[in-house]
Amino acid sequence: MKADCALIDPSVGEMDTPEVHHGDSSGDFRTLLASAPTAVYVLDGRRFHLVNPQFQKLTGYSEEELLEMDAWGLLPPEDREVERENASRVLRGEPAAPYEHRVVTKQGETRWVMENVVSIPYNGGRAALGNLVDITDRKRAEQKARECEERYRRLMELANDAVLILDAETGAVLDCNRKTEDLLGIPVHDVMGMHHTQLHPQEEAEQYQKLFQASVQSGKGTTTNSVICRRDGRRLWADVTTSVHDVGGRKIVQAVLRDVTERKNAEEELRRANECLEQRVAERTRELQRSNEELERFAYVASHDLQEPLRAVASYVQLLERRCKGKLDAEAEDFITLAREAAERMRKMINDLLAYSRVGTEGRDLKPTRCSVVMEYVLVNLRASIQESGAVITCDALPTVLGDALQLAQLLQNLVGNAIKFRRKEPPRVHVSAERRGDEWVFAVRDNGIGIDPEFFDRIFVIFQRLHTREEYPGTGIGLAVCKKIVERHGGRIWVDAAPGNGSVFYFTLPAKGIEQS
Ligand code: ADP
């Protein structure tokens, strides 16, 4: 029975304690125990013989209750085995080291104690002297710390990204999660202690060290898109977000690494594809420019060279007409008239074509040009058709723009000329205006003529495209193509808004920048 009980073997494990006798000198011993700062008891078998006030305070039982009770009643069942082992060590005379166990108080509370037991001579025999220190607070703090650590670990491991904790002072890895191992291909225990710059290519180490130090100094985190080197030599792209923290007086840096290699590769591919596309567009544009220039040159040369033989044909036909007048039959005379008219039409077409090809090749430098003055010149040029049609032309104040005065005149003349030409029965009314919109002037030439079906809005700006026969309205179909070319040479756009039978408005823009309006 005695041997069973924790801490006690009155016969072994002697210590140099003066023999205590129940009765005479036990009073001194009792006084000694009472003044002890820790909880102390003397136990024989499973019975307490002496308990000091600290022991009573610790257990919550009074002295009488303790002296009455079975000592094991203070131990939770799960700790009794440990107690038994300890007892047998004492029994074998081995030095029993202080050990931790729990005590259940009278109030049912479990408290942790550190106990040290020795065997002492007592009452002619031996008894166990136990000395207990309450370590519940320390144990609870340890438990809390353990829980915190577990929570922290769980959080680290739950993260979808690699998380590294770095020492702010040395830049060495203090801790990391499993994802780090996956990302770097380096076992966690090898990552520990690595310097943060070792995660990056060697040639970039200095740059990352500077960034790290600046971040620690300012206490502000950083977000970078960085190259990460795996142990197998592969390089990854990662978004690295760092934050600086003060943990218990120690500065640490938390780095979260997210693998974005796939996204980065896709971006890179897209960038390359774009570059390729841009290159092809540029090549194509150059090709188009070249072929346009060739065409222009061809149109110019062709029209220029055609003028000469055509002039000859026209003058011979005229000569024939004059000389043979009255000598040929009516049909032959008709043929000659038709040939003359055709030659005249062709002369007009060639002239227009020449004008078209000259917009790019013979344009003059753009200079500040007063559009109101240009407009006056246009009205003088169109005087005959204005009078003949009875047209009323009105015009707002027009701005000064950077332009080629001759080409701007040609542009306005073509538009106002068309507005008069494509009229309905009533006399044409044409209004020319300009309005500032942001960085440009928007000009408008509005008429009350026959209008245009929206279906043909684009077509009419293409060379030789006409919507009417020569008999209905004369023309070569080059006028608007010339307008477009002039506007584009000046850095503007041209378009039309109209409805059949309801008049048309031709708009064009010219840049307003770089010109002070007077
Ligand atoms: P042209 O006047 O020699 O026919 P343009 O290139 O100037 O050639 O015009 C092309 C076509 O656009 C014209 O044939 C006509 O059908 C249409 N158009 C141009 N201006 C007007 C307008 N103010 N009103 C109606 N239709 C127009």
Side-chain angles (χ1 to χ4, degrees), residues 1-91 95-143:
M1 176 73 159
K2 281 181 183 177
D4 271 1
C5 183
L7 328 172
I8 5 160
D9 175 15
S11 58
V12 289
E14 256 180 69
M15 68 177 276
D16 301 332
T17 323
E19 178 150 346
V20 180
H21 295 280
H22 212 13
D24 49 354
S25 58
S26 70
D28 293 342
F29 189 56
R30 195 183 289 271
T31 318
L32 193 71
L33 287 194
S35 59
T38 52
V40 181
Y41 65 82
V42 174
L43 190 76
D44 184 8
R46 283 164 64 162
R47 293 255 157 242
F48 290 111
H49 278 242
L50 285 173
V51 287
N52 74 349
Q54 268 74 14
F55 190 74
Q56 294 163 42
K57 198 169 151 210
L58 175 76
T59 59
Y61 290 103
S62 68
E63 184 176 15
E64 293 75 40
E65 284 170 328
L66 285 165
L67 296 182
E68 285 294 307
M69 71 191 288
D70 176 357
W72 276 30
L74 287 177
L75 300 172
E78 59 271 29
D79 280 7
R80 286 179 189 160
E81 194 47 43
V82 188
E83 293 284 340
R84 201 194 308 276
E85 275 169 25
N86 197 59
S88 36
R89 259 201 306 281
V90 176
L91 264 176
Y99 68 102
E100 294 172 2
H101 69 90
R102 280 161 292 189
V103 163
V104 181
T105 68
K106 186 179 175 185
Q107 291 73 30
E109 192 195 352
T110 303
R111 298 196 72 82
W112 276 95
V113 292
M114 168 77 86
E115 179 158 355
N116 194 14
V117 187
V118 287
S119 160
I120 56 162
Y122 184 75
N123 250 356
R126 299 198 71 82
L129 175 76
N131 177 19
L132 284 71
V133 179
D134 188 341
I135 56 165
T136 311
D137 289 348
R138 195 198 82 200
K139 277 286 194 191
R140 281 188 187 149
E142 277 173 10
Q143 175 68 13

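Throughout, residue positions are numbered sequentially from 1 according to the sequence presented. Remember, predicted model here, so these are calculated numbers, not experimental data. Only this structure's heavy atoms are used, side chains among them; waters, hydrogens and symmetry mates stay out.
Note: D137 CG to E142 CD = 11.5 Å, rounded to the nearest 0.5 Å. In this structure, CG in L58 is found 8.5 Å from CG in L74, a value given to the nearest 0.5 Å. Once rounded to the nearest 0.5 Å, the distance linking CG of L50 with CG of L66 reads 11.5 Å. In this structure, the separation between CZ on R102 and CG on L75 is 10.5 Å, given to the nearest 0.5 Å. The line from CG of L33 to CG of L129 is 7.0 Å long, rounded to the nearest 0.5 Å.
Heavy-atom minimum distance, V104 versus Y61: O-CE1, 4.3 Å. Summarising the geometry of P53 relative to A34, their closest heavy-atom pair is CD-CA, 3.7 Å, with the distance given to 0.1 Å. Scanning both residues, T136 and W112, for their nearest heavy atoms gives OG1-N, 3.0 Å. Residue Q56 comes nearest to V51 through the heavy atom pair NE2-O, 3.4 Å, listed as atom of the first residue, atom of the second, then distance. The heavy-atom pair separating R47 from E68 by the smallest distance is NH1-O, 2.5 Å.
Of the residues R140, R111, K57, K139, the one that meets the salt bridge (Lys or Arg N to Asp or Glu O under 4.0 Å) test with D134 is R111. With E100 as reference, I135 is the one residue of V133, D79, I135 to meet the side-chain contact (heavy atoms from CB on, under 4.5 Å) rule.
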>> Under the criterion side chain to side chain contact (heavy atoms under 4.5 Å, CB included), I'd like the reasoning laid out for K106 against T59: C-alpha separation, chi angles, the key distance, then a yes or no.
In response: CA-CA 6 Å; K106 186 179 175 185; T59 59; over 6 Å; no
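Annotation: Q143, atom CD; neighbour count of heavy atoms from other residues, nucleotides and ligands within 6.0 Å is above 12.
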